Amino acid sequence: MIIDGRKIAQDLRTDMATQVALFGRKPGLAVILVGDDPASSVYVRNKGNACEEVGFYTEKINKPNDITQAELLAEIERLNNDDRVDGILVQLPLPKHLDANQVIETIDPTKDVDGFHSENIGKLMQNKPFLRPCTPKGVMTLLAATGVDLVGKNCVVVGASNIVGRPMAMELLNARATVTICHSKTQDLPNKLKQADIVVTAVGIAQMIQGEWIKQGAIVIDVGINRLDNGSLVGDVDFESAEKVASWITPVPGGVGPMTIATLLENTLIAYKAREEK
Ligand code: NDP
């Protein structure tokens with residue numbers, strides 16, 4: 001069966017819009033885009049549109065490619081101190097001359113709606129999460145939608161990046177699953193995958209995971225977004241062969257992607273509520 005990320009994300013947005021309509025002050029999200037990378041511009045536009053749809057206050061801040069580190073940090077400090085803003089997101093990747101890590105660490109952790117600040121990652125590690133990285137958290141929402149109990153399941157996460165693979169593994173561990181993390185140096189990946197009740201891929205290589213590597217009845221969540229030469233978007237999983245063996249599978253596009261944005265709004269709402277309760 002297909003896990004319909006678009007529908008699940010739409011339901012979440014509708015629910016948030018209903019809540020927000022009753023609020024006096026609107027939850028606020030500021031999104032900073034440095035430079036004019038076309039993919040980043042599309043992501044930022046989609047995030048802004050989603051904010052408007054649910055009735056959030058939104059600030060889209062475009063900065064030139066040659067902004068200095070000090071200028072960018074000053075902009076973040078301004079937003080840290082702006083009471084209309086509950087969430088701050090700096091679209092990654094940043095131009096090479098900027099230190100992304102220092103930028104993330106400058107965001108007030110209570111406004112870090114991407115969940116990348118070391119304080120939020122630390123809380124996730126301790127299983128006391130506050131703002132959780134959007135893509136892995138969105139994957140957990142998709143898994144919940146299948147109704148399958150994760151406790152004790154064998155999960156294989158392919159990819160170990162700070163923004164997807166590592167926090168994904170921690171989310172699954174916090175859900176009491178047994179987790180294996182694979183990366184580019186992993187030996188015999190097909191055999192590792194064959195043991196998995198749940199597979200989450202975040203690699204960035206088009207259609208590398210074959211259906212024959214997947215255990216019959218496994219759940220397959222494909223985070224990868226890869227563009228083929230013909231312009232079409234595909235995941236890390238060869239969908240055609242994998243859907244024949246999987247019990248549940250996410251499509252690309254229309255799976256994890258829409259959930260990432262809906263989860264960003266969800267995090268902004270959590271940050272808003274925490275600030276309102278202070
Ligand atoms: P990174 O490039 O940061 O990480 C890729 C990971 O895959 C690394 O851990 C790398 O291993 C591992 N890897 C590379 N080659 C192989 C291989 N042959 N076998 C096993 N593992 C391998 O990517 P991201 O985590 O940022 O993104 C991954 C994908 O997810 C991309 O396609 C990206 O576009 C997509 N994405 C989608 C999102 C969404 O909302 N749907 C959000 C974010 C990302 P090593 O650590 O050894 O280098």
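As the structure lists them, so they are numbered: ligands from 1, and atoms in each ligand from 1. These numbers come from a predicted model, not from an experiment.
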Could you go through residues 142-151 and list every donor-acceptor pair under 3.5 Å that involves a side-chain atom there, pairing it with any protein atom two or more places apart or in another chain?
{"unit_1": "T146", "atom_1": "OG1", "unit_2": "L143", "atom_2": "O", "d": "2.6"}
{"unit_1": "T146", "atom_1": "OG1", "unit_2": "V148", "atom_2": "N", "d": "3.2"}
{"unit_1": "D149", "atom_1": "OD1", "unit_2": "V151", "atom_2": "N", "d": "3.2"}

Margin query: Counting only heavy atoms not in E52 (residues, nucleotides, ligands), do more than 12 fall under 6.0 Å from its CD?
Written below: yes
Just list the N/O pairs, ligand 1 to protein, that are under 3.5 Å apart, with the distance for each.
{"unit_1": "ligand 1", "atom_1": "9 (O)", "unit_2": "A160", "atom_2": "N", "d": "2.7"}
{"unit_1": "ligand 1", "atom_1": "11 (O)", "unit_2": "S184", "atom_2": "N", "d": "3.1"}
{"unit_1": "ligand 1", "atom_1": "21 (N)", "unit_2": "H183", "atom_2": "O", "d": "3.4"}
{"unit_1": "ligand 1", "atom_1": "21 (N)", "unit_2": "S184", "atom_2": "N", "d": "3.4"}
{"unit_1": "ligand 1", "atom_1": "25 (O)", "unit_2": "S161", "atom_2": "OG", "d": "2.5"}
{"unit_1": "ligand 1", "atom_1": "32 (O)", "unit_2": "I225", "atom_2": "N", "d": "3.1"}
{"unit_1": "ligand 1", "atom_1": "32 (O)", "unit_2": "I225", "atom_2": "O", "d": "3.3"}
{"unit_1": "ligand 1", "atom_1": "40 (O)", "unit_2": "T260", "atom_2": "OG1", "d": "2.7"}
{"unit_1": "ligand 1", "atom_1": "41 (N)", "unit_2": "V223", "atom_2": "O", "d": "3.3"}
{"unit_1": "ligand 1", "atom_1": "47 (O)", "unit_2": "S184", "atom_2": "N", "d": "3.2"}
{"unit_1": "ligand 1", "atom_1": "47 (O)", "unit_2": "S184", "atom_2": "OG", "d": "2.6"}

Notebook entry, point to check: Can you list the residues that meet the ring-ring contact (aromatic ring centres under 6.0 Å, His included) rule with F116, with sequence neighbours excluded?
Noted result: none
Next item on the list: Measure from the side-chain N and O atoms of H117 to the backbone N and O of P109, and report whether any donor-acceptor pair falls under 3.5 Å.
Entry: no
Next item on the list: Show your reasoning for whether salt bridge (Lys or Arg N to Asp or Glu O under 4.0 Å) applies to K111 and D86.
Entry: CA-CA 5 Å; K111 295 190 176 189; D86 301 286; over 6 Å; no
Item checked: side chain to side chain donor-acceptor pair (under 3.5 Å) against K244, all qualifying residues, sequence neighbours excluded -> none
